[in-house]
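All remarks here apply to the structure that follows.
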Amino acid sequence: MFPWNNIDTVLLDMDGTLLDLHFDNHFWLSVVPQSLSRERGISLEQANAIVEIAYDKVFGTLEWYCIDYWAKELNLNILALHQTMVDRIQLRQDSLPFLDALGKAGKKRILVTNAHPNSLALKLEHTDLATGLDAIISSHETGFPKEHPQFWAALFNQYQLNPKRCLFIDDSEAILAAAKLAGIHYQLGIKNPDSQKPHKIFTDFPAIDDYQHLLDELNKQN
């Protein structure tokens, strides 16, 4: 699938790419509206409508990924709610074997995530993800989400990357497109970000549902 000899660095999204997106989907689509319903004494239907409008208003911006923004916007302790369901934070079963194989092949492994630093810290605390990474950057450090070209410019500058020798893996086709526009030469989608939902269909990028496909390639070339 990829000419690994031409790839020095693998840039990896976190939620849905290395971690099961079920945690985030359940949290934002179920826990948050349920909590809002209780706090405001309104129906779950009303709470869902409020949350949906609020989400749509900032979708694709840094605020959409910011738990501080949502704590203020919804008047909920978002971080505390995260902490009540840490048992749902799960690595994909194929993530660490893949990250280990990348390391053995001499590839630099950088986590590039839109997750808020507090959410990121919580997920690193409750998984072994950090053991398979060489570096970690949250878009909040740059002031721009991955959807924005300035995020990628900041990333390339910080780690002195040649984007033509980078592979970027993400479960969002829109973000893969942003990375391609920024100059990253290789992109790969993840079809099954949420273990509890049907596979996604990618139209513009190659996509897989198991890192074993890449493990086989890496083992053959290294």
Review point. Do Glu63 and Thr61 have side-chain N/O donor and acceptor atoms under 3.5 Å apart?
Key: yes
Review point. Looking only at atom types and distance, does a side-chain atom of Asp100 sit under 3.5 Å from a main-chain N or O of Leu96, one as donor and one as acceptor?
Key: no
Review point. If you look at every heavy atom in Asp210 and Asp94, which pair is closest and at what distance?
Key: CA-OD2, 3.4 Å
Exercise for review: Using a 4.5 Å cut-off on heavy atoms from C-beta on, say whether the side chain of Met1 contacts that of Leu214.
Suggested key: yes
Exercise for review: Check the hydrophobic clustering (I, L, V, M, F, W, Y; side-chain heavy atoms under 4.5 Å; chains of links allowed) and say if Leu29 and Ile53 are grouped together.
Suggested key: no
Point to revise | Side chain proximity check, Thr9 to Lys107, heavy atoms < 4.5 angstrom | key: no
Point to revise | Residue pair Trp28 / Ile78, side-chain heavy-atom distance below 4.5 Å | key: yes
Check your understanding: Between Lys180 and Asp204, does a salt bridge (charged side-chain N to carboxylate O under 4.0 Å, His left out) hold up when you go through it step by step?
Key -> CA-CA 11 Å; Lys180 182 177 182 179; Asp204 296 325; over 6 Å; no
Review point. Distance from Leu111 atom CG to Leu124 atom CG, nearest 0.5 Å?
Key: 7.0 Å
Point to revise | Residue pair Leu79 / Asn77, side-chain heavy-atom distance below 4.5 Å | key: yes
**Study point:** Ile110 backbone acceptor or donor facing Asp134 side chain under 3.5 Å
**Key:** no
Practice item. Might you work through the side-chain contact (heavy atoms from CB on, under 4.5 Å) test for Phe23 and Gln90, ending with a clear yes or no? Key: CA-CA 8 Å; Phe23 170 88; Gln90 300 288 334; over 6 Å; no
Check your understanding: Does the side chain of Ile190 come within less than 4.5 Å of Leu21's, by heavy atoms?
Key -> no
Point to revise | Shortest non-hydrogen contact from Glu147 toward Ala178 | key: O-CB, 3.8 Å
Check your understanding: Sub-3.5 Å donor-acceptor pair from the side chain of Asn192 to the main-chain atoms of Asp209, do we have one?
Key -> yes
Practice item. Determine yes or no for a side-chain-to-main-chain donor-acceptor pair under 3.5 angstrom, with Lys200 supplying the side chain and Pro193 the backbone. Key: no
**Study point:** From Thr17 atom OG1 to Ile175 atom CD1, the distance as rounded to the nearest 0.5 Å
**Key:** 9.0 Å
Exercise for review: Classify the angle between the aromatic ring planes of Phe27 and His82 as parallel (below 30°), tilted (30 to 60°) or perpendicular (above 60°).
Suggested key: tilted
Review point. Taking only residues two or more places apart in sequence or in another chain, which ones pass salt bridge (charged side-chain N to carboxylate O under 4.0 Å, His left out) with Glu173?
Key: none
Point to revise | Closest approach of Met14 to Ala115 (non-hydrogen atoms, all atoms of both residues) | key: CE-CB, 3.6 Å
Review point. What is the distance from atom NE2 of His148 to atom OG of Ser139, rounded to the nearest 0.5 Å?
Key: 11.5 Å
Practice item. Start with the C-alpha distance between Asn75 and Arg40, add both sets of side-chain angles, then the distance that settles side-chain hydrogen bond (donor to acceptor under 3.5 Å, both in side chains), and finish with yes or no. Key: CA-CA 10 Å; Asn75 196 26; Arg40 299 191 184 182; over 6 Å; no
**Study point:** Residues Leu129, Ile136; criterion side-chain contact (heavy atoms from CB on, under 4.5 Å); working and verdict
**Key:** CA-CA 11 Å; Leu129 180 57; Ile136 297 170; over 6 Å; no
Practice item. Give the minimum heavy-atom separation between Ile42 and Ser37, together with the two atoms involved. Key: O-OG, 2.6 Å
Exercise for review: Measure the spacing between CG of Leu133 and NZ of Lys108 and express it to the nearest 0.5 Å.
Suggested key: 12.0 Å
Check your understanding: Taking atom CD of Glu52 as the centre, does the number of heavy atoms from other residues, nucleotides or ligands within less than 6.0 Å exceed 12?
Key -> no
**Study point:** Closest non-hydrogen atom pair between Pro33 and Ala47, with its separation
**Key:** O-CB, 3.3 Å
Practice item. Under the side-chain contact (heavy atoms from CB on, under 4.5 Å) rule, what do Phe156 and Ile184 come out as? Steps first, then yes or no, please. Key: CA-CA 10 Å; Phe156 300 154; Ile184 292 180; 3.8 Å; yes
**Study point:** Among Phe168, Phe144, Tyr159, ring pair (Phe, Tyr, Trp, His ring centres under 6.0 Å) partner for Trp152
**Key:** Phe168
Check your understanding: In this structure, which one of Asp13, Val112, Leu176, Leu12 forms a side chain to side chain contact (heavy atoms under 4.5 Å, CB included) with Ile169?
Key -> Leu12
Check your understanding: Just by modelled atom types, is the Arg165 backbone N or O under 3.5 Å from a matching donor or acceptor in the Asp8 side chain?
Key -> no
Practice item. Count the heavy atoms of every other residue, nucleotide or ligand shown that sit under 6.0 Å from CD of Glu141, and state whether that count exceeds 12. Key: yes
Review point. Are the aromatic ring centres of Tyr55 and Trp70 under 6.0 angstrom apart?
Key: yes
Review point. Under a 4.5 Å cut-off applied to non-hydrogen side-chain atoms, are Leu44 and Gln34 in contact?
Key: yes
Review point. Rounded to the nearest 0.5 Å, how far does NZ of Lys197 lie from CG of Asn25?
Key: 4.0 Å
Review point. Is there side-chain contact between Tyr65 and Ser119, with heavy atoms separated by less than 4.5 Å?
Key: no
Exercise for review: Look only at the side chain of Asn114 and the backbone of Lys146, and say whether a donor-acceptor pair between them is shorter than 3.5 Å.
Suggested key: yes
Check your understanding: Are Phe202 and Leu181 joined in one hydrophobic group, where the rule is that I, L, V, M, F, W and Y side chains link up if heavy atoms are under 4.5 Å apart?
Key -> no
**Study point:** 4.5 Å side-chain heavy-atom contact, Trp4 and Leu102
**Key:** yes
Exercise for review: Quick one: do Lys72 and Asp68 satisfy salt bridge (charged side-chain N to carboxylate O under 4.0 Å, His left out)? Show the steps, please.
Suggested key: CA-CA 6 Å; Lys72 183 177 180 180; Asp68 293 334; over 6 Å; no
Study note, to complete from the structure: Value for CD1 (Ile201) from NZ (Lys191), rounded to nearest 0.5 Å, stands at 9.0 Å
Exercise for review: Can you label the angle between the Phe98 ring and the Tyr211 ring as parallel, tilted or perpendicular, going by 30° and 60°?
Suggested key: parallel
Review point. Can you tell me if Ser95 uses its side chain to pair, donor with acceptor, with the backbone of Leu18 under 3.5 Å?
Key: yes
**Study point:** For Pro145 against Gly60, the heavy-atom pair lying closest together
**Key:** CG-O, 3.7 Å
Point to revise | Cluster check Leu215, Phe2: I/L/V/M/F/W/Y, side chain < 4.5 angstrom | key: no
**Study point:** Residues Leu155, Thr142; criterion side-chain contact (heavy atoms from CB on, under 4.5 Å); working and verdict
**Key:** CA-CA 8 Å; Leu155 173 70; Thr142 72; over 6 Å; no
